[in-house]
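Heads up: the structure comes next, in structure tokens.
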Amino acid sequence: MALYVEKILGDGETLPTAWQVDGTSGYEFMNEVAGIQHDPQGAAPLATLWRQVSGRDPDFTAEVRQARGEVLETLLASEYAACARALHAVARARLESRDVTLGSIERALEALVVHFPIYRSYAGDAGRPEADAAFFARAMTGARGALNPPDHATLDLLERWLGGEAPSACRDEERILRLRAITRFQQLTSPVAAKAVEDTAGYRSAVLISRNDVGFHGEHFSHSLEYFHAANAARARDFPHALVTTATHDHKRGEDVRARLAALSESADAFADAVAQWQRDAAPLCQPLDEGTAPSPGDALILYQLILGAWPPTLAPEDGAGMAEFTERLAQWQQKALREAKLRTHWLWPDEQYEAACRAFLEGVLTTPALRDSLHRAARALDVPGALNALVQMILRLTVPGVADLYQGNDFWDYSLVDPDNRRPVDYAARRASLFAPPALSEALVQWRDGRIKQALTSKLLALRARHSALFLDGDYQPLHAEGRHAERVLAFVRRQGEQCLVVVVPRLATPLLENELEDDGALAIAPARWGDTRLALPPGRYRSALSERSLDADGEPVALAELLHTLPFEVFTSEARADGHALQGEST
């Protein structure tokens, strides 16, 4: 039996091995795989676009801190007050701290919580564990910079009372008061983080909305290959049976919406030019209200991103019923997004006039022919790189260390939005029909828009996992590094368990490799010549593709990507040895 914890890990936070659990429910993998699919070159132009259009700071951390302060003052005011009173009771337990006022404690506590970088600490009777020390120190540094000097001494006392000193070293009455204050603090920081990060800042900041999801580190626009490899190696070492997922009941955007928007980071300048044109074309659709234009420019920019990310490749502008359904789904997302952002409307005090104007704007955008068609062309430009990203993240989820988690219905494309959109009924009949009469991969790659290619690859890789369970559950993880012109566009690794070996090779940031290669009805493919001089050395051995019938001999020397990926745009190879030492080649895949 496996034991998992539902925990969101902050930037730099790791799950304690002392807990003796198998791992988390997998949010961190969502962040890791999305991070490597965002082009770091797109960060600066997209941040500039966001600042110019919305007028807001593109620094996600700044948005989080502002949101934390607002949450403390409104939604969680009573919990904040209770924590401050618990700390004030600790202050009055000793003569030397009785003159510390409740007001000073409230100011120091607010600054500490606003700058707290993780969901919660795990201090207890023995004090603060070493794993929490660095995060508490970061919060202290930020809080000290936000406070006036007279409150610095109070902040230092909070550090001691909240686990810097072990409560067990205090006399009984003070020990109980300190433990109560620690508990109140831990019960405060977790909901503050959830409300401020997931449910506020994540809807206010949209340098690229695909980097704002549950468990993501929005302060990092992208992650390097080294970051991804290190995370997988750590999971293989410490939590080899942890869940890895790319979609949950709580995600804010479907896994394939995020994959499409990630591709937008590779065309940041073109997107900025398109937004400028959309602003001009949509200006007559905006409504002047007392508190400003509806929608605000920032809300309009977020809407454009979601339209591009969620527009299914099979939906044509001429499809009246399909467009009406798409518009209604976006409208439901829009109302929730506006209220979660808490800038012009709110769940507790909704501004129905602003919301109605925003809905009218959405409907106008998708019914004004020139504007709608321009957005449709931009969405279609994301189809191929977005689909490739989606298949790559699916392949990685099924091959990296950990137990792959498949969210309901996501064996076909997932263009869902925030709940309840991601909980709509699944057409299991269509999925069963495809599963029991699967297309050939060559056919599925040509007809990729219907989603069967995703299911076909999922089925093949799940079957591979079943045949080689020890390899996937307990195999090690070693990165492979490409060389040549497009080396940074190659992600590869090898996993070994005994004589069994798995090699995975997938593309990333592949938009430049796809240019001019596909017609509207073409196959999902990267022309081998596009890889140029890019090469990858595989461990010596004889390999068989898990996705096709091809075999490959490797002698340890670099192999051209044009050869490795001449059949498919990605590959998964296996190699086995029998007891007699001969490579196993006859097993059906």
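These values consider heavy atoms only, across backbone and side chains, with no hydrogens, waters or symmetry-generated copies.
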Going by salt bridge (charged side-chain N to carboxylate O under 4.0 Å, His left out), name the residues that satisfy it together with Glu340, two or more places apart in sequence or in a different chain.
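Only Lys342 meet the salt bridge (charged side-chain N to carboxylate O under 4.0 Å, His left out) criterion with Glu340.
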Given side chain to side chain contact (heavy atoms under 4.5 Å, CB included), test Ile526 with Leu565 step by step and report yes or no.
CA-CA 8 Å; Ile526 296 174; Leu565 303 182; over 6 Å; no
Distance, nearest 0.5 Å, that separates [atom1] of [X] from [atom2] of [Y]:
X	Y	atom1	atom2	result
Leu375	Leu371	CG	CG	5.0 Å
Asp351	Leu343	CG	CG	12.0 Å
His223	Phe228	NE2	CZ	10.5 Å
Asp299	Gln334	CG	CD	8.0 Å
Leu72	Lys195	CG	NZ	13.5 Å
Gln455	Leu406	CD	CG	9.5 Å

So do the side chains of [X] and [Y] get within less than 4.5 Å of each other, counting heavy atoms only?
X	Y	result
Tyr203	Val418	yes
Leu243	Thr24	no
Ile307	Val365	yes
Glu443	Arg452	yes
Lys460	Val572	no
Trp413	Pro313	no
Leu366	Leu330	yes
Leu362	Thr327	yes

Do Leu306 and Arg253 pass the side chain to side chain contact (heavy atoms under 4.5 Å, CB included) test, and can you show the C-alpha distance, the side-chain angles, and the key distance before you say yes or no?
CA-CA 9 Å; Leu306 261 292; Arg253 278 150 291 281; 4.1 Å; yes
Determine yes or no for a side-chain-to-main-chain donor-acceptor pair under 3.5 angstrom, with [X] supplying the side chain and [Y] the backbone.
X	Y	value
Arg431	Gly409	yes
Arg489	Leu509	yes
Ser222	Ile36	no
Glu28	Leu9	no
Ser374	Ala370	no
Arg120	Gln187	no
Ser459	Ala456	no
Arg68	Ala196	no

Hey, is CD on Gln353 packed in by over 12 heavy atoms from elsewhere, all under 6.0 Å?
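Atom CD in Gln353 is not crowded, with 12 or fewer foreign heavy atoms closer than 6.0 Å.
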So which pairs with a foot in residues 312-328 pass salt bridge (charged side-chain N to carboxylate O under 4.0 Å, His left out), sequence neighbours left out?
Glu328-Arg359
Any salt bridge (charged side-chain N to carboxylate O under 4.0 Å, His left out) involving residues 200-223? Give me the pairs, sequence neighbours left out, ordered by first then second residue.
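For residues 200-223: Glu70-Arg204, Asp213-Arg258.
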Please identify which of these residues, Val505, Leu457, Val504, meets the side-chain contact (heavy atoms from CB on, under 4.5 Å) condition with Phe570.
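Among the candidates, only Leu457 passes.
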Could you list all the side chain to side chain donor-acceptor pair (under 3.5 Å) pairs where at least one residue sits in residues 36-49, not counting sequence neighbours?
His38-Ser210
Show me the side-chain donor-acceptor pairs of residues 382-396 shorter than 3.5 Å, one per line, residues at least two apart or across chains.
{"from": "Asp383", "atom 1": "OD1", "to": "Arg260", "atom 2": "NH1", "distance (Å)": "2.7"}
{"from": "Asp383", "atom 1": "OD1", "to": "Arg260", "atom 2": "NH2", "distance (Å)": "3.4"}
{"from": "Asp383", "atom 1": "OD1", "to": "Arg380", "atom 2": "NE", "distance (Å)": "3.4"}
{"from": "Asp383", "atom 1": "OD1", "to": "Arg380", "atom 2": "NH2", "distance (Å)": "3.0"}
{"from": "Asp383", "atom 1": "OD2", "to": "Arg380", "atom 2": "NE", "distance (Å)": "2.5"}
{"from": "Asn389", "atom 1": "ND2", "to": "Ala259", "atom 2": "O", "distance (Å)": "3.1"}
{"from": "Gln393", "atom 1": "NE2", "to": "Glu255", "atom 2": "O", "distance (Å)": "2.9"}

So, for [X] and [Y], which heavy atoms are closest and what is the spacing to 0.1 Å?
X	Y	result
Ala62	Asp57	CB-OD2, 3.8 Å
Ala404	Arg465	N-NH2, 3.9 Å
Ile8	Tyr27	CG1-CD1, 4.0 Å
Ala194	Tyr119	N-CE2, 3.9 Å
Trp311	Ala379	CB-CB, 3.9 Å
Tyr4	Asp22	CE2-CB, 3.8 Å

Could you tell me which residues satisfy side-chain contact (heavy atoms from CB on, under 4.5 Å) with Ala324, sequence neighbours excluded, listed by chain and number?
none
Stepwise, does the side chain to side chain contact (heavy atoms under 4.5 Å, CB included) test hold for Trp50 with Arg56?
CA-CA 7 Å; Trp50 175 250; Arg56 301 188 70 82; 3.9 Å; yes
Would you sort out whether Asp199 and Lys252 count as a salt bridge (charged side-chain N to carboxylate O under 4.0 Å, His left out), showing the intermediate values?
CA-CA 10 Å; Asp199 297 339; Lys252 307 304 182 187; 3.6 Å; yes
For the pair His251 and Tyr407, name the ring-plane relationship: parallel under 30°, tilted 30 to 60°, perpendicular over 60°.
perpendicular
Just checking, is any N or O donor in the side chain of [X] or [Y] under 3.5 Å from an acceptor N or O on the other one?
X	Y	value
Ser205	Glu63	no
Ser416	Asp414	yes
Arg397	Thr246	yes

Dump the intermediate steps for side chain to side chain contact (heavy atoms under 4.5 Å, CB included) on Phe29 and Thr245, then the final yes or no.
CA-CA 6 Å; Phe29 179 75; Thr245 190; over 6 Å; no
Look at Asp256 together with Lys454 and state whether they make a salt bridge at an N to O cut-off of under 4.0 Å.
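Result for this pair is yes, salt bridge flagged.
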What I want to find out is whether Lys336 reaches Asp419 closely enough, with some N-O distance under 4.0 Å, to be called a salt bridge.
yes
Kindly indicate, with the supporting measurements, whether the criterion side-chain hydrogen bond (donor to acceptor under 3.5 Å, both in side chains) is fulfilled by Arg329 and Gln332.
CA-CA 5 Å; Arg329 288 177 53 220; Gln332 292 177 11; over 6 Å; no
